[in-house]
Engineer: 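The structure is given below, and queries will be raised subsequently.
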Amino acid sequence: MPIREVDMAKKRIGILTGGGDVAGLNAVIKSVTYRGSEDDIEVVGLRRGWEALTHLNLDDPNSRSHYVIPLNRENTRTIDRRGGTVLHSSRVNPSKIQKLPDHLVGNYVPVSLSTNGGIATKTWDLTSQVLANLSGLGIEHLIAIGGDDTLSYAAKLNELGVKIIAIPKTMDNDVRNTEYCIGFSTAITRASDAIQRQRTTVGSHERIGIFRVFGRDAGFTALYTAYATSIRCVIPEYKVDLDKLIQLLIEDKRANPSNYALIVLSEGAQWEGYKLREYGEPDAYGHRKKANVAESLADEIKQRTGEETITSDLTYDLRSGDPDFIDKLVALTFGNMAYDAMLENKTGLMSALVEGRYDLVPIPDAKLGPRKLDVASSYNTERYRPIYANKQGLPIFLNRAS
């Protein structure tokens, strides 16, 4: 069913998902759609995140059908039973488009020129196109689901007068102003299960098992995985002493009746003297891929001790598959909170958990960067593992919003 021309008699809201997929996104989409059907409000799904609003050509029916999906009870009835996002996703930054859509070539679009390593890069700001497409689609309120990058642009639109409500999702759990982001619990469940399974292999070969998980700037995923599996971890917020770390792992191995040890590393983990290596072209938000720190640690252990290792990259597996109960519960609740806020004509707010309670908070200020672990209360810098003591009075996810 095609989107009708703007009908001001019937309220229309839009919803999109940006950045990496996580389990629980479809539950948000379904909850908003079902609530809308009860209130005779149209819900429009925007495919591929912000790309839907930068690349949509309102005059092209094929473009409309590619980027815009009318959502209803029928086409969302079963989507919450699986992971991923039926709206698909992308890492498009409307403020820094590297290639103009064909239908905008030749039009005036603000352009910027930046130089990195002597190479000049041209980018275009398509914010005016985003605003025009929102208006042309008759979208009065927008719900944006994403992490720091996606929500940074949501904050910009709010400043420009777009009515927008945000929902935080990232398996890194590093969005500010909330203690929890959709996808985090499923990621920890997946990581814990994978590590427990691999104990049999690592133990059979009497090696040191090294696991890498996501976490570019924050160590929540590594720390909570270590917390749940009782192993050591290295996080981006603290540079460990390599000799001491290896010594601890050797001690663990010798003390284990099966003669093995385990450790989990954030992708952004470092030790003193280690230079984090990146490769590939930066994405729309300036992020490059990080070299595998687990492989680097394995090499160091081999060179210094002769011990054999097994490395496993758990990254993408942790965001795949169906959501667990926590992520489904939080996703449904965040979606309903966003919908309620929209009904009350609120804008610039984000569904959140604060002090263990559901709340609406301001969309985070992108200039502050991602939320990080409180090392003093969370990470044992002598033993390179989580702190298990002194948890009384903390909210359920142990770290407060910041």
Engineer: Taking the side chain from Asp174 and the backbone from Ala218, do they hold a donor-acceptor pair closer than 3.5 Å?
Structural biologist: no

Engineer: Go through the structure and list residues passing side-chain hydrogen bond (donor to acceptor under 3.5 Å, both in side chains) with Lys391, not counting sequence neighbours.
Structural biologist: none

Engineer: Can we say Asp217 and Lys372 salt-bridge, meaning some charged N sits less than 4.0 Å from an Asp/Glu carboxylate O?
Structural biologist: no

Engineer: Is His141 reaching over with its side chain to a backbone N or O of Lys346, donor-acceptor style, under 3.5 angstrom?
Structural biologist: yes

Engineer: Ignoring hydrogens and geometry beyond distance, is a side-chain donor-acceptor pair present between Asn336 and Ser31 at under 3.5 Å?
Structural biologist: no

Engineer: Closer than 4.0 angstrom, basic N to acidic O: yes or no for Asp243 and Arg304?
Structural biologist: yes

Engineer: Evaluate the criterion side chain to side chain contact (heavy atoms under 4.5 Å, CB included) for residue pair Lys99 and Asp102; output intermediate values, then yes/no.
Structural biologist: CA-CA 9 Å; Lys99 184 179 184 298; Asp102 291 342; 4.0 Å; yes

Engineer: Okay, side chain of Glu42, backbone of Pro70: is any donor-acceptor separation there less than 3.5 Å?
Structural biologist: no

Engineer: Suppose we screen for salt bridge (Lys or Arg N to Asp or Glu O under 4.0 Å). Which residues come up paired with Arg207, at least two apart in sequence or across chains?
Structural biologist: none

Engineer: Check for a donor-acceptor pair, side chain of Ser402 on one end and backbone N or O of Arg371 on the other, with a separation under 3.5 Å.
Structural biologist: no

Engineer: Kindly write out the residues that satisfy side-chain hydrogen bond (donor to acceptor under 3.5 Å, both in side chains) with Thr85, not counting sequence neighbours, or none if the list is empty.
Structural biologist: Thr17

Engineer: Could you tell me whether a side-chain N or O of Asn75 sits under 3.5 Å from a main-chain N or O of Asn72, the two making a donor and an acceptor?
Structural biologist: yes

Engineer: Check Lys302 with Glu308, please: is the shortest side-chain N to carboxylate O separation under 4.0 Å?
Structural biologist: yes

Engineer: Decide, yes or no, whether a salt bridge links Asp322 with Arg82 under the criterion of side-chain N to carboxylate O below 4.0 Å.
Structural biologist: no

Engineer: So does Tyr260 get a backbone contact from the side chain of Ser258, meaning a donor-acceptor N/O pair under 3.5 Å?
Structural biologist: no

Engineer: Looking at Arg176 and Leu368, would you say the former's side chain and the latter's main chain have a donor-acceptor pair under 3.5 Å?
Structural biologist: yes

Engineer: May I ask you to say whether Glu206 pairs ionically with Arg254, meaning some side-chain N is under 4.0 Å from a carboxylate O?
Structural biologist: no

Engineer: Regarding Ser378 and Asn399, is there a side-chain donor-to-acceptor distance under 3.5 Å anywhere?
Structural biologist: yes

Engineer: I'd like to know if Lys328 pairs up with Asp80 as an ion pair, taking the criterion as any Lys NZ or Arg NE/NH1/NH2 lying under 4.0 Å from an Asp or Glu carboxylate oxygen.
Structural biologist: yes

Engineer: Side-chain donor-acceptor pair under 3.5 Å between Ser95 and Lys156, yes or no?
Structural biologist: yes

Engineer: Under 4.0 Å between a side-chain nitrogen and a carboxylate oxygen: does that hold for Lys367 and Asp365?
Structural biologist: yes

Engineer: Yes or no on side chain to side chain donor-acceptor pair (under 3.5 Å) for Asp327 and Ser185, after CA distance, side-chain angles and deciding distance?
Structural biologist: CA-CA 6 Å; Asp327 270 326; Ser185 177; 4.8 Å; no

Engineer: Using a 6.0 Å distance limit plus a 45 degree cone around the ring axis, check whether Arg48 lies over the aromatic ring of Tyr67.
Structural biologist: no

Engineer: Between Asp39 and Lys11, does any NZ, NE, NH1 or NH2 come within less than 4.0 Å of an OD or OE carboxylate oxygen?
Structural biologist: no

Engineer: Where the side chain of Ser63 meets the backbone of Asp59, is there a donor-acceptor pair that is under 3.5 Å apart?
Structural biologist: no

Engineer: For the pair Glu295 and Arg212, find out whether any cationic side-chain nitrogen is under 4.0 Å from an anionic carboxylate oxygen.
Structural biologist: no

Engineer: I'd like to know if the side chain of Ser89 pairs up with that of Asp21 as donor and acceptor (distance under 3.5 Å, no hydrogens or angles considered).
Structural biologist: no

Engineer: Taking Glu267's backbone N and O only, do any of them form a donor-acceptor pair with Arg216's side chain (distance below 3.5 Å, no angle check)?
Structural biologist: no

Engineer: Is it the case that the side chain of Arg12 and the backbone of Leu137 share a donor-acceptor pair, with hydrogens and angles ignored and the cut-off at 3.5 Å?
Structural biologist: yes

Engineer: Is the shortest side-chain N to carboxylate O distance from Glu355 to Arg400 below 4.0 Å?
Structural biologist: yes

